[in-house]
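Data block below; observations after.
Reminder, nothing fancy here: chain letters follow the sequence lines and each chain counts from 1.
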Number of protein chains: 2
Amino acid sequence: MVQDSIRILQAQGHKATRPRKLVLEILEEMDRPLSPYDIQGVLRQRGKYLNHVTIYRVLDILCSLNLAHKMLSSGGFVRCSLDMAEGCHRFMVCQHCGAIREFADKELCQGENEFARNFGFHAEHHHSELAGLCSRCYRK
Amino acid sequence: MVQDSIRILQAQGHKATRPRKLVLEILEEMDRPLSPYDIQGVLRQRGKYLNHVTIYRVLDILCSLNLAHKMLSSGGFVRCSLDMAEGCHRFMVCQHCGAIREFADKELCQGENEFARNFGFHAEHHHSELAGLCSRCYRK
DNA sequence: GAGCTAAATGCAACAATATTGCATTAGCTC
DNA sequence: GAGCTAATGCAATATTGTTGCATTTAGCTC
Ligand SMILES: [Mn+2]
Ligand SMILES: [Mn+2]
Ligand SMILES: [Zn+2]
Ligand SMILES: [Zn+2]
């Protein structure tokens, strides 16, 4: 829910502004990776306006609080669908329909961390995207 | 070695051209993620010139053959330091010095695949980047 | 080595994405 | 509601990525 995210924003000392609510609404509603300009376009269609710089800045904050994530393969942004503090968040990306599914698994993180440790590398967080086919697209 | 990559290119029906050799040389030598424009800049310093479109096209081919990879977090390109067909390639990225270390682990891939399968998702390949500190930077 | 041809390059123009500084506006606290 | 500070909008600019087309060149044939 957008309201929850807004509360988290405020708890961190950020203001509950119109642009922030609008961006959160769009991300929640569209449910696929959107670029800042995509978001601006959707809003424009609805007769609302936000400067793209503002959208970038909103997304920066949302990502810093893990309320949204930047998909690295596409550059688009999605709303986080998991609880914060569930460890690092991973994504399944359907190559056919573009659908995103977020998941988390502590064992995977642990496995990666251990592997890295053997190289003397101390991992702080992970970003992982699986490309493939979602169940619906696979059936074809 | 650059020569090895060139041979692979030719085996796939691509020509061994000057731009391709130059890009491979720079990637090998610099050993950190470089954007196409970075590569152009390094070459320019050495009195050589490549159009940026050419560099993009060379990198496209190298990536399609897994001779290079695009780092998703930074957008830069690195030369692949592993054998092809060793499974999917993962990266440790030092947040302090920017160093990249590539690795592969079949068990991690398998773990991710199984996890995804439980959601009905059929993964084809993975892209994974671990952010943290390399051994050298960690010691400080 | 000269000639041929498909592949690759360079160029120009453009599109998309991202950042900065500064004047103005609007949440929030009191 | 007034005041203060964070946030927004705007303008300008930087960076990154793409397309179509004319020209060049690598690799092949002779
Ligand atoms: Mn998340
Ligand atoms: Mn590799
Ligand atoms: Zn799908
Ligand atoms: Zn380091």
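- Summary of the strand contacts: Lys15(B) and Asp38(B) both lie near DNA chain D, and taking for each the nucleotide with the nearest heavy atom, the more 5' one is attributed to Asp38(B).
- At whole-Å resolution of the value, CD in Gln12(B) and C1' in dA8(C) are 17 Å apart.
- With rounding to whole Å, Ile39(A) atom CD1 is found 13 Å from dT8(D) atom P.
- The only option from Ile61(A), Leu65(A), Leu67(A) that meets the side chain to side chain contact (heavy atoms under 4.5 Å, CB included) definition with Gln12(A) turns out to be Leu65(A).
- No hydrogens or angles were tested; on distance alone, a donor-acceptor pair under 3.5 Å links the side chain of Tyr37(A) to the base of dA18(C).
- Computed from coordinates, the Ile61(A) CD1 to dA7(D) C1' distance equals 8 Å when rounded to whole Å.
- Aromatic pair Phe77(B)/His69(B): centroids not less than 6.0 angstrom apart.
- Backbone-only engagement by Gln10(B) is indicated by non-hydrogen atom pairs under 4.0 Å involving sugar-phosphate atoms exclusively.
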Taking N or O atoms only and anything under 3.5 Å, show me the protein contacts with nucleotides 9-13 of chain C, one pair per line.
residue: dT9(C); atom: OP1; partner: Thr17(B); partner atom: OG1; Å: 2.6
residue: dG10(C); atom: OP2; partner: Thr54(B); partner atom: OG1; Å: 2.7
residue: dG10(C); atom: N7; partner: Arg57(B); partner atom: NH2; Å: 2.9
residue: dG10(C); atom: O6; partner: Arg57(B); partner atom: NH2; Å: 3.1
residue: dC11(C); atom: OP2; partner: Tyr49(B); partner atom: OH; Å: 3.3

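- Spacing between atom CZ of Phe77(B) and atom C1' of dG17(D) amounts to 10 Å, rounded to whole angstrom units.
- Whole-Å rounding puts the Lys70(A) NZ to dA18(C) C1' distance at 8 Å.
- A distance-only check finds a donor-acceptor pair linking the side chain of Glu129(B) to the backbone of Leu72(B) [under 3.5 Å].
- Between the CG atom of Asp60(A) and the P atom of dT20(C) there is a distance of 10 Å, given to the nearest Å.
- The pair Arg57(B)-Asp60(B) fails the salt-bridge criterion, with no side-chain N (NZ, NE, NH1 or NH2) lying under 4.0 Å from an Asp/Glu carboxylate O.
- Using a 4.0 Å heavy-atom cutoff across all strands shown, Lys21(B) reaches no nucleic acid atom at all.
- Nucleotide dG27(C) holds its C1' atom 18 Å from the CZ atom of Arg7(A), rounded to whole Å.
- For the pair Tyr56(B) OH and dG20(D) C1', the computed distance is 18 Å after rounding to whole Å.
- The pair Glu25(A)-Arg18(A) does not meet the salt-bridge criterion, since no charged nitrogen lies less than 4.0 angstrom from a carboxylate oxygen.
- Both distances falling under 3.5 Å, in either a Watson-Crick or a G-U wobble arrangement, place dC30(C) opposite dG1(D).
- Test His127(A), Arg90(A), Glu112(A) against Ser128(B) for side chain to side chain donor-acceptor pair (under 3.5 Å) and you get one pass: Glu112(A).
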Item to check | Evaluation steps, salt bridge (Lys or Arg N to Asp or Glu O under 4.0 Å), between Arg46(A) and Glu29(A) | outcome: CA-CA 13 Å; Arg46(A) 305 183 181 181; Glu29(A) 186 180 331; 2.6 Å; yes
